[in-house]
Protein chains: 2
Amino acid sequence: MTARSSSIHVGLNAVILAVTEDRPRVLTRTHEPSGLPALPFGPLDPLEDRTLELGLRGWVREQTGLELGYVEQLYTFGDSDRDPFTTANGRVISVAYLALVKEHALTTGPAQWRDVYSFLPWEDRREGPSPLLDEEILPALRHWEKAEPGRKERVQVAFGLGRSRWDAERVLERYELLWEAGLAAAQEMALDHRRMLATALGRVRGKVRYRPVVFELMPKAFTLLQIQRVVESLAGVGLHKQNFRRLLEKGGLVEGTGESFAETGGRPAELFRFRRSVVAERPASGVPYPSRG
Amino acid sequence: MTARSSSIHVGLNAVILAVTEDRPRVLTRTHEPSGLPALPFGPLDPLEDRTLELGLRGWVREQTGLELGYVEQLYTFGDSDRDPFTTANGRVISVAYLALVKEHALTTGPAQWRDVYSFLPWEDRREGPSPLLDEEILPALRHWEKAEPGRKERVQVAFGLGRSRWDAERVLERYELLWEAGLAAAQEMALDHRRMLATALGRVRGKVRYRPVVFELMPKAFTLLQIQRVVESLAGVGLHKQNFRRLLEKGGLVEGTGESFAETGGRPAELFRFRRSVVAERPASGVPYPSRG
DNA sequence: TCCTGTTATGCTCACATAGAGTATAACTGA
DNA sequence: TCAGTTATACTCTATGTGAGCATAACAGGA
């Protein structure tokens, strides 16, 4: 066993997300063999890194200058075909982490922020279903459905057709379906990194609902509309403004600072801050998703 | 990097759960160096196993004769101190999986079913808070709290004291707190396997609520009380019977078979079966948790 | 100054849902 | 026939959610 496992290599990938100008961004680099955008990758130093997470924080700091705040383990990717460039030399297992940083986080080195929805365009439905979906994806899927029974059902659930509703969290399910159907060719990333990104987006969308993680993406003080825009950016759907406010305030997640913010053209908005103490008080406190049709 | 990573070993652990006689059980083996109960462990064959999950299914079949049904990846454990026996020879990373099998699943070989709550006794609150909690754990924690500010808050959230409510899903949080406080010595398992078990229990408790995974643990036909008992076993809390039935039926998760089951001494109960089609219809269908105080 | 456009904020209403309890039905065994 | 046990049907109430209306507070132009 030990003889064989010596041909296994373990690495760490980071999906680092921020929200800038109402768009979720992901930090990328260029993957050398292919020239495609890729997620930052670093090795695990088995002697120095006490935990996987500390290892990750270390090389992210070195590669990009970013000091990560919120970090959580996402998934471990280990399919044998995930890295065609190194399969010949042995297997590469990658433990992927999700990290959230504040907008305008400064980075050094060759890393680059890119729009998450440029890789998964059908996931942004703030202006209604993406035209790409109705004009290209769904027509193509209608063909693909016919080849096997059961496929139609999967499409309906994944994309919220028929009696099903669009479920913002099923990002990975949609991506894998499109991959199977051979429709995921455009908007490429290196290796299986688009799958990692889809996993990450699904995870934040879920997490935001029941843990106060949005605040990791916000400045210290913010208006309620600003926080709503950030949630909408991630969720990819529009939310009902008045209900969002009501639920957020009632939940005790935020408190007014007394100051106001008057750069929007309309009535000045009150500035709020995150009430750190709710984390202790309320077990499962997240931000509400009052849908808007 | 490649030279160094050759001292990293990758393995797979399985947390295989079943519910027998109203108790959740976990499949264990004996860990040789220590003689303690341990979770089944197997290597990843980098040449033969196309995916990590297929590798896991393979060696579980060989070691125990079990053909796993529902399987999901749980977490990847890689702290440097997690395996003191092999740290000297290099780092062992373990990808842990959760699997659910039906009660009375037959196994071959030296594997053994054990009561999950024998390792995490404070997690079973069906008869009210565990006496162990009130008589030993909480008094000891009150001492530990005083040493540092913020600890008291953590204890309250984790164990549902003060204004907080007991949150059945915070299994790992409780375990890690007790570990830090030096109160997790008894009921031992090998290495960090008790942490894996805690992770698994927390995960099923959550999953059962929003995905129809309980049915993986049930026979084909069952009464509503039987399914309630299984949910209660996992959740570790009692549920309100009438509301449980109402919500389950309204959710469309089950349908009556017309037959009835008359071995309980009282009025015979109708037998139900799982409606597989809801998985397609309703995005997030799980079993309700109507609490009972 | 007044009107228009824009954003912020307060409030109401209908409806669905969850928690809790009561009442009745259908069986077993003494 | 009665006590004990489990199953099942309802009812009542508090709370939560989706949706919309109304008003407040600013800017800028007529």
Side-chain angles (χ1 to χ4, degrees), chain A residues 22 165-168 209-210 221-232 235 237-273 282-293, chain B residues 22 160 165-168 208-210 221-232 235 237-273 282-293:
Chain A
D22 294 346
R165 296 230 154 280
W166 175 268
D167 182 347
R209 297 183 76 135
Y210 61 95
F222 42 80
T223 69
L224 296 185
L225 186 59
Q226 282 169 352
I227 196 174
Q228 183 181 344
R229 293 289 179 232
V230 171
V231 174
E232 287 175 336
V237 294
L239 304 177
H240 186 284
K241 188 169 169 176
Q242 297 93 319
N243 289 343
F244 181 83
R245 300 169 51 85
R246 178 182 59 181
L247 295 170
L248 200 63
E249 292 195 82
K250 195 189 45 182
L253 276 160
V254 296
E255 60 188 358
T257 62
E259 289 168 287
S260 65
F261 179 84
E263 295 173 26
T264 52
R267 170 175 172 174
E270 185 171 4
L271 283 168
F272 287 78
R273 72 169 76 91
R282 300 171 35 96
S285 47
V287 137
Y289 266 42
S291 90
R292 210 188 44 187
Chain B
D22 294 347
R165 298 232 153 278
W166 175 268
D167 181 348
V208 156
R209 295 184 76 136
Y210 61 92
F222 43 80
T223 69
L224 296 184
L225 186 59
Q226 282 169 352
I227 196 175
Q228 183 180 345
R229 294 288 179 235
V230 171
V231 175
E232 287 174 337
V237 296
L239 303 177
H240 187 284
K241 187 170 169 176
Q242 297 93 320
N243 289 344
F244 181 83
R245 300 170 48 85
R246 179 183 57 181
L247 295 170
L248 200 62
E249 293 196 83
K250 196 187 44 181
L253 276 161
V254 296
E255 59 188 359
T257 63
E259 290 168 284
S260 65
F261 179 83
E263 295 173 26
T264 51
R267 168 175 173 176
E270 184 171 7
L271 282 169
F272 287 79
R273 74 169 76 89
R282 300 169 36 95
S285 48
V287 136
Y289 266 41
S291 89
R292 209 189 47 188

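In what follows, chains carry the letters A, B, and so on, assigned in the order in which the sequence lines appear, proteins first and then strands, with residues in each chain numbered from 1. Not measured: the values here are computed from a predicted model.
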> For nucleotides 22-30 of chain D, read 5' to 3', which letter fits each nucleotide if B means a protein heavy atom sits under 4.0 Å from the base, S means only the sugar-phosphate is that close, and - means neither?
Replying inline: --BBBS---
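- Between C:dA20 and B:K241, no contact under 4.0 Å exists linking OP1 or OP2 to a side-chain N or O.
- The CZ atom of B:F272 lies 8.0 Å from the OG1 atom of B:T257; values are rounded to the nearest 0.5 Å.
- In this structure, A:V231 and A:F244 have side chains that are in contact, with non-hydrogen atoms separated by less than 4.5 Å.
- In the helix from C:dT1-D:dA30 to C:dA30-D:dT1, the rotation axis of the first five pairs and that of the last five pairs differ in direction by 20°, rounded to 10 degrees.
- Considering only heavy atoms from C-beta on, A:Q228 comes within 4.5 Å of A:L225 through its side chain.
- B:E249 CD: more than 12 foreign heavy atoms inside a 6.0 Å radius.
- Considering CZ of B:F261 and CD of B:E270, their distance stands at 13.5 Å, rounded to 0.5 Å.
- At a threshold of 4.0 angstrom between heavy atoms, the contacts of B:L225 are confined to the sugar-phosphate backbone, with no base atom among them.
- Note that CG of B:L239 and CG of B:L247 are 10.5 Å apart. Values are rounded to the nearest 0.5 Å.
- Summarising the geometry, atom CG belonging to A:L224 is positioned 9.5 Å from atom CG belonging to A:L271; distances are rounded to the nearest 0.5 Å.
- A 6.0 Å sphere centred on CD of A:E255 holds more than 12 heavy atoms belonging to other residues, nucleotides or ligands.
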